[in-house]
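Sequence lines set the chain letters: A, B, ... in the order given, protein chains first and strands last, and positions in each chain run from 1.
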Number of protein chains: 2
Amino acid sequence: MKLEAAFGLSRYMSQPDCNDSMSGSRRGEGSLTRIKCQGCAVRTASLCSEVSDECANAIGRAFHRRRVPAGQVIYSSDQKNKIFAVVISGVVKLTNVRPDGRQQIVGLQFPAEFVGRPYSGTSNLLAEAASNLELCCFSGDAFEAIMRRYPELEGALLKRTLDSLDNAREWMFMLGRKTAHERVASLIYMIAERLTHPGNRKEPMETCRFESPLSRTEMADCLGLRLETVSRQLALLKAKGVLASSRNRTFDVRSMSELRRWSESPVE
Amino acid sequence: MKLEAAFGLSRYMSQPDCNDSMSGSRRGEGSLTRIKCQGCAVRTASLCSEVSDECANAIGRAFHRRRVPAGQVIYSSDQKNKIFAVVISGVVKLTNVRPDGRQQIVGLQFPAEFVGRPYSGTSNLLAEAASNLELCCFSGDAFEAIMRRYPELEGALLKRTLDSLDNAREWMFMLGRKTAHERVASLIYMIAERLTHPGNRKEPMETCRFESPLSRTEMADCLGLRLETVSRQLALLKAKGVLASSRNRTFDVRSMSELRRWSESPVE
DNA sequence: CGACATTTTGAGAAGGGTCAACGAAAGTGG
DNA sequence: CCACTTTCGTTGACCCTTCTCAAAATGTCG
């Protein structure tokens with residue numbers, strides 16, 4: 001998986017792109033965007049839903065869809081040309097990697113979320129496909145041109161960035177103050193919530209089942225733990241009956257409320 | 001680039017407060033803002049410097065200055081009316097506090113930085129004065145009205161929020177992956193850099209001295225450690241000659257480059 | 001089936017937490 | 001001015017959670 005990442009963007013660039021054929025058209029049509037974006041799974045939840053028709057049209061003219069296989073790099077710190085994207089399906093992981101090999105996953109971007117770092121050439125982070133992805137991509141130039149022309153887009157981005165910041169700060173509490181047991185429970189709860197309730201419904205289901213986008217190593221990199229510790233804590237959660245023992249990446253949550261409880265109480 | 005970087009904090013502190021008396025005046029004058037904000041120590045580095053004159057005028061009409069003694073709460077999760085502010089001098093700490101008593105400091109806001117959470121009633125965080133403060137305050141209503149009227153302000157806020165997010169993610173790496181020794185070195189390095197180089201000049205001085213805005217307990221809450229551990233690691237840094245042994249909150253950095261080295265190497 | 005990657009499990013070590021005592025500085029009140 | 005208290009920081013001893021290293025088990029894919 002790491003080996004694929006070494007291929008860099010070349011592989012990624014050659015993905016078949018089902019929308020390229022439409023990029024020739026020009027201005028004056030709300031209908032084009034409607035057609036291009038009509039089937040979009042995240043349409044009502046993404047950035048695009050918050051801006052004016054005119055801006056949405058500009059966006060509709062600029063994007064192209066891409067499929068990205070799990071493990072592939074979307075952007076890295078030493079990349080020349082910027083890229084922006086909205087996640088249509090799958091999960092993107094943002095990793096802070098150091099020369100000495102240590103790494104920390106500092107963000108997971110789920111469907112409808114935005115990926116990319118405006119206003120800065122150096123992102124310092126590595127963005128990789130945690131699972132197979134569908135992305136709605138924009139070249140740096142195109143996106144920034146739209147941003148300059150439609151400041152409202154900055155407002156929409158601001159809302160999302162503030163949410164990301166809230167999430168990051170919540171995660172900081174986990175990294176600084178929670179026990180290993182709480183951390184693992186927190187992560188599974190968070191992923192379960194996000195994967196099974198893409199819109200933020202009030203009450204999550206009491207039981208659910210999903211495929212984790214993360215390996216044990218990746219879970220450990222999220223949680224500031226070693227993979228052995230993650231494995232042991234998962235065994236504990238299974239022993240408690242909070243998780244059913246399903247194999248590998250399939251998680252079978254038997255009680256979301258219990259899981260939530262374990263994600264917040266330090267005592268055994 | 002940023003010439004005001006040469007100002008120390010002492011300079012910030014000693015600015016005369018020429019603005020309190022002027023909040024009655026009304027519209028139509030670019031000169032009013034110029035007068036009200038003229039002596040502002042962070043003027044060229046804060047939000048206000050990035051927006052149009054017209055927007056800056058609106059801001060100039062809406063703010064009021066406030067002095068806040070160390071320890072005072074600026075806003076908390078259960079607060080009814082929102083507040084926004086730009087830090088003029090001093091440091092604001094943002095803390096994630098839990099019912100069980102555990103807490104994690106998730107942000108430090110230095111002069112010229114923005115404090116407040118637009119677009120959300122519930123901030124979930126506690127904002128407190130870590131040191132004595134001078135703030136340039138806005139009521140929630142006033143600020144949001146200006147934001148609605150001048151979308152460019154959202155753009156300026158977006159840039160700052162993205163920077164905060166980068167900082168938060170850098171901090172997440174520290175919390176997840178650094179040793180106690182690296183953490184303490186990182187914190188001191190960061191505070192030294194920010195306090196003694198308000199603008200981001202390239203190379204920090206090799207030695208410096210400053211008053212920490214944080215107690216040992218607060219340092220521990222920043223770092224995800226216990227205060228005893230912080231104390232021991234400080235003793236170690238003193239033994240290595242990176243810090244001179246000065247009392248309590250006065251830090252005397254003998255070698256910023258060494259400090260930086262210790263903040264990134266896990267060994268010893 | 002065989003080669004390889006991923007996950008689980010085990011045993012021992014250690015980093016940091018916990019508890020406790022002590023010291024230094026600052027405020028209080030006589 | 002000096003006891004007294006209070007707050008804050010330091011230091012020590014011990015212990016527990018998590019890390020480290022190692023090996024076995026399980027899963028995956030040709």
Along DNA chain C (nearest heavy atom to each residue), the more 5'-positioned of A/Ser215 and A/Arg177: A/Ser215
Kindly say whether, by distance alone, the side chain of B/Glu228 makes a donor-acceptor pair under 3.5 Å with the base of C/dC19? yes
Can you confirm whether the side chains of A/Arg169 and A/Asn167 place a donor and an acceptor under 3.5 Å from each other? no
Which class fits the ring pair A/His181 and A/Trp262: parallel under 30°, tilted 30 to 60°, perpendicular over 60°? perpendicular
Side chains of B/Glu228 and B/Ser231: donor-acceptor distance under 3.5 Å anywhere? no
Counting just side-chain N and O atoms, does A/Arg216 come under 4.0 Å of either OP1 or OP2 of C/dT8? yes
Taking only side-chain nitrogens and oxygens of B/Ser231, does any of them come within less than 4.0 Å of OP1 or OP2 of D/dG9? no
D/dG27, C/dA11, D/dT11: which one has an atom nearest the side-chain heavy atoms of A/Arg232? C/dA11
Just by distance, with hydrogens left out, do B/Asp221 and B/Gln103 show a side-chain donor and acceptor under 3.5 Å apart? yes
Answer yes or no: does a side-chain N or O of A/Thr229 lie under 4.0 Å from OP1 or OP2 of D/dC19? yes
Ranking A/Thr179 and A/Asn248 by the position along DNA chain D of their nearest nucleotide, the one closer to 5' is A/Thr179
Can you tell me the distance, in whole Å, between the CG atom of A/Leu234 and the P atom of C/dT6? 17 Å
Please state whether the phosphate of D/dT20, meaning OP1 or OP2, lies under 4.0 angstrom from any side-chain nitrogen or oxygen of A/Arg226. yes
